[in-house]
Amino acid sequence: MDNTRRRVLRGASAAGAVFAAFATGALKPSDALAITWDKSAFEAKSMVDALKALHVSSATDSKDIVIRAPDIAENGAVVPIDITSNIPGTESISLFIEKNPFPYVGTFDMTKGAVPYVHVRVKVGQSSPVRVVVTAGGKHYQAVKDVKVTIGGCGG
Amino acid sequence: MGDPMKIRARMQGDVAEVRVLMGHPMETGQRKGSDGKIIPAHFIKQIRAELNGKVVFEAAISQAISRNPLFAFKVKGAKAGDKLSITWEDNKGDKRTDTVTISG
């Protein structure tokens, strides 16, 4: 199989679609989202598959990523998490709850004028490592914090 | 559509601190209702903040975000009196935008 050719073709048709959208005025430049909702990553059922889908092959452990989350969360349905990246040139912050049915929680874009900080509340199905991956200068960095949950947040 | 968001945006030094509470069920698609049937997934997929019409923050998120999502973030280059709009869009194509004025 000529994979390169496939990729080129796919890229070309996607670019064509975007161009058509601009041309018809359906999409103003300000509407173009830098962040796309990456279906394959969001539907990945393991940490490994999620990272693969996001093209994160390796990430360096970094103390410059600060994760503030409770050590023990009584209610897994609402676990507050505070993330700060002190890595210069932070482009995005991605969050994963490793033991959730779908580990990838999301990506927050930091290239347009936001300070590399975000606070979210997430569901944690069972005690799990909370992993944050920061992209800066084309490289990936990570930090992990364990959160214990006494009542899970994903069942029902 | 959906309920109005509660947005608080306040200058803290030279950055605007933003907190937003969105009214949304954030159904995972894994829960069963009282009739034993799976409740279909219904969750916000994308959020975006604009400062005076220019995108300053955006995110792609999953159903793992808690019901009635709360986000806090900080925006550079803002000043009191600026307009901050936040938009969300869910997996059913529903969307909502609310705007506030940043306070000093």
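The figures here come from the full heavy-atom set of this structure, side chains too, leaving out hydrogens, waters and symmetry mates. Every chain is numbered from 1 and lettered A, B, ... according to where its sequence line falls, protein lines coming before strand lines.
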### Task
Can you label the angle between the B/F43 ring and the A/W37 ring as parallel, tilted or perpendicular, going by 30° and 60°?
tilted
### Message
Is there a path of hydrophobic side-chain contacts, each under 4.5 Å between heavy atoms, that joins B/V20 and B/W88?
### Response
yes
### Message
Is there a path of hydrophobic side-chain contacts, each under 4.5 Å between heavy atoms of I/L/V/M/F/W/Y residues, joining A/V105 to A/V66?
### Response
no
### Task
Heavy-atom distances under 4.5 Å only: say whether B/I38 touches chain A with side chain, backbone, both or neither.
neither
### Message
Please rank A/V79, A/V118, A/I93, A/V115 by heavy-atom pairs under 4.5 Å with chain B and give me the top one.
### Response
A/V115
#### Entry: CA sep, side-chain torsions, deciding dist, call: A/M110, B/F57, side-chain contact (heavy atoms from CB on, under 4.5 Å)
CA-CA 7 Å; A/M110 298 296 161; B/F57 175 83; 3.9 Å; yes
### Message
Is there a path of hydrophobic side-chain contacts, each under 4.5 Å between heavy atoms of I/L/V/M/F/W/Y residues, joining A/F102 to A/V133?
### Response
no
### Query
What distance separates A/D109 CG from B/R48 CZ, expressed to the nearest 0.5 Å?
12.0 Å
### Message
Heavy-atom pairs under 4.5 Å with chain A: which of B/I39, B/T87, B/I65 has the most?
### Response
B/I65
### Message
Between B/E17 and A/Y117, is the side-chain contact (heavy atoms from CB on, under 4.5 Å) condition met? List the steps.
### Response
CA-CA 10 Å; B/E17 288 195 352; A/Y117 157 86; over 6 Å; no
### Task
Would you mind checking which part of B/V75 comes under 4.5 Å of any heavy atom in chain A, side chain (CB onward), backbone (N, CA, C, O), both or neither?
both
#### Entry: Single-linkage hydrophobic cluster B/V100~B/I86, side-chain heavy atoms < 4.5 angstrom
yes
### Task
Can you see which heavy atom on A/A77 is nearest to which on B/S66, and at what distance?
O-OG, 2.7 Å
### Query
Considering only heavy atoms, which portion of B/R67 lies under 4.5 Å from any heavy atom of chain A: side chain, backbone, both, or neither?
backbone
#### Entry: Gap separating the NZ atom of A/K112 from the NZ atom of B/K54, nearest 0.5 angstrom
9.0 Å
### CD on B/Q63 to CG on A/N100, rounded to 0.5 Å
9.0 Å
### Summary
Greatest number of non-hydrogen atom pairs under 4.5 angstrom with chain A, of B/A60, B/A59, B/A49, falls to B/A60
### Query
Are A/V56 and A/I65 joined in one hydrophobic group, where the rule is that I, L, V, M, F, W and Y side chains link up if heavy atoms are under 4.5 Å apart?
yes
### Summary
To the nearest 0.5 Å, atom OG1 of A/T36 lies from atom NZ of B/K45 at 10.5 Å
### Message
Contact between A/R121 and B/F71 at the side-chain level, heavy atoms closer than 4.5 Å - yes or no?
### Response
no
### Task
State, to 0.1 Å, how close A/A114 and B/K76 come at their nearest heavy-atom pair, and which atoms those are.
O-CE, 3.8 Å
